[in-house]
Structures are given as structure tokens and as C-alpha cells.
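What follows is a short report on a single structure.
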Amino acid sequence: QVRLMESGGGSVQAGGSLRLSCAASGLRFSNYAMGWFRLSPGKEREGVRERVATIDHDGRTYYAESVKGRFTISKDNAKNTLDLQMNNLKPEDTSMYYCAFDRYELDCAGGYCTANYWGQGTQVTVSS
């Protein structure tokens, strides 16, 4: 049974940093593509999640334009963890953040992806 558990969310002031972590179990970690997503502004009720950063099983990364240069995605195949280092946070980064996994690659179209496995989410709040 696949389990994903996020941690590291919290409240910070603008310009601050947070590090999110997603611990995975029940899967062969190195065979999976994975990423971080957050609820789209104005679409929280529908549960629409936009792509923040993703990393394929072979290490290729993708970043949304809004986070390039500020966020860094990384994974540790030995520890089965996926991290998101978030620096210079802005109020518009406030959202619920989710990690998601799928075998080899995520099925993405632009800023949105489908995935078989999702975590429960961790809240990030950035105050101005």
C-alpha cells in the first residue's frame, strides 16, 4: 500500500523560507516521477491543483514560472523522500501543498497533472 506523508508546512513572513518534505512508502521510489502541487487560487473549492515543481524518475525537473529561482525540488532515493525548498516566499505562495507520485512520469498538460498517488497536504501561509 502506497503512503505519502507531507511535513514542513507552516506560517512565515514574506521573504522567509520553508522546506517541505514528503515521505513515501510502499513503492519502488526510484521508478517513480513525483512532484509538488498546490491548490490553484480561486479554485480551492473545486480542488484544482496546479503544478509547482516536478521531477521525473530520471531526475529531469520542471518548475512553474512563478517559482523559478526561488523553489528547488529534490529527492533522495535512499531515504524515499521528496523535498521542496522554498525561499523568498511571497503571500501569493499561500496555499495547501500536496506531493504526488506516479510510475516513471506524471501525466501533465501545462500546469496541471494527474497522478495515482497523492498526499494529504500541508498548509503554507505567507504573511506580508
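FYI, the numbering just counts along the sequence from 1.
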Around R28, counting heavy atoms of other residues, nucleotides and ligands shown, do more than 12 lie under 6.0 Å from its CZ?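 No, not enclosed.
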Audit row: Y104, N31, side-chain contact (heavy atoms from CB on, under 4.5 Å) steps and yes/no: CA-CA 5 Å; Y104 299 117; N31 286 350; 4.0 Å; yes
Quick check for you: to the nearest 0.5 Å, what is the distance between [X] atom [atom1] and [Y] atom [atom2]?
X: L27; Y: Q1; atom1: CG; atom2: CD; result: 11.5 Å
X: Y117; Y: C22; atom1: OH; atom2: SG; result: 13.5 Å
X: L18; Y: T122; atom1: CG; atom2: OG1; result: 8.5 Å
X: W36; Y: L20; atom1: CH2; atom2: CG; result: 4.5 Å
X: M34; Y: L82; atom1: CE; atom2: CG; result: 6.0 Å
X: D102; Y: N116; atom1: CG; atom2: CG; result: 4.0 Å

Mind listing the closest non-hydrogen atom pair of N77 and N80 along with its distance? O-OD1, 3.2 Å
Which atoms form the tightest heavy-atom contact between S74 and R19, and what is the distance? OG-NH2, 3.8 Å
Given the side-chain rings of Y32 and H57, with only the six-membered ring counted for Trp, is the space between their centroids under 6.0 Å?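 Between H57 and Y32, which both carry aromatic rings, the centre distance is not below 6.0 Å.
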Report the hydrophobic cluster partners of Y98, with the cluster defined as I, L, V, M, F, W, Y residues connected by side-chain heavy atoms closer than 4.5 angstrom, directly or transitively.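 F37, L39, M96, L106, W118, listed by chain and number.
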Sequence neighbours left out, what passes side-chain contact (heavy atoms from CB on, under 4.5 Å) with K79? Give chain and number order.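 K79: side-chain contact (heavy atoms from CB on, under 4.5 Å) contacts with D76, T81.
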In terms of side-chain geometry, is the basic nitrogen of E46 or K43 positioned less than 4.0 Å from the acidic oxygen of its partner? no
Validate the cation-pi geometry between R49 and Y112: distance from NZ or CZ to the six-membered ring centre under 6.0 Å, angle to the ring axis within 45°. no
Only distances under 3.5 Å count here; give the side-chain donor-acceptor pairs of residues 3-16 to other protein atoms, sequence neighbours excluded, each with its distance to 0.1 Å.
unit_1 : atom_1 : unit_2 : atom_2 : d
E6     : OE1    : Q120   : N      : 3.0
E6     : OE1    : G121   : N      : 2.9
E6     : OE2    : C99    : N      : 3.0
E6     : OE2    : G121   : N      : 3.2

D107 side chain reached by E105 side chain, heavy atoms, under 4.5 Å: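 Sidechains of D107 and E105: no contact.
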What I'd like to find out is whether the side chain of Y63 reaches to under 4.5 Å of the side chain of I55, using heavy atoms alone.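 No, every pair of side-chain atoms sits at 4.5 Å or beyond.
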Where at least one partner belongs to residues 86-97, residue pairs that pass side chain to side chain donor-acceptor pair (under 3.5 Å), sequence neighbours excluded: S17-N87, R38-D93, R38-Y97, R70-D93, Q85-N87
Can you tell me which residue pairs pass the disulfide (SG to SG under 2.5 Å) test with a partner in residues 35-82, sequence neighbours excluded?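 Residue pairs with at least one partner in residues 35-82: there are none.
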Disulfide (SG to SG under 2.5 Å): which pairs involve residues 25-83, sequence neighbours left out?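 As it turns out, there is no disulfide (SG to SG under 2.5 Å) pair with a partner in residues 25-83 once direct neighbours are skipped.
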With side-chain hydrogen bond (donor to acceptor under 3.5 Å, both in side chains) as the criterion, how do S21 and D83 come out once you've worked through the C-alpha distance, each side chain's angles and the decisive distance to 0.1 Å? CA-CA 4 Å; S21 187; D83 290 343; 2.8 Å; yes
Verdict with reasoning, V52 to F71, per side-chain contact (heavy atoms from CB on, under 4.5 Å): CA-CA 9 Å; V52 176; F71 291 12; 3.7 Å; yes
Chi angles and distances behind the side-chain contact (heavy atoms from CB on, under 4.5 Å) call for T72, L84: CA-CA 6 Å; T72 303; L84 184 69; over 6 Å; no
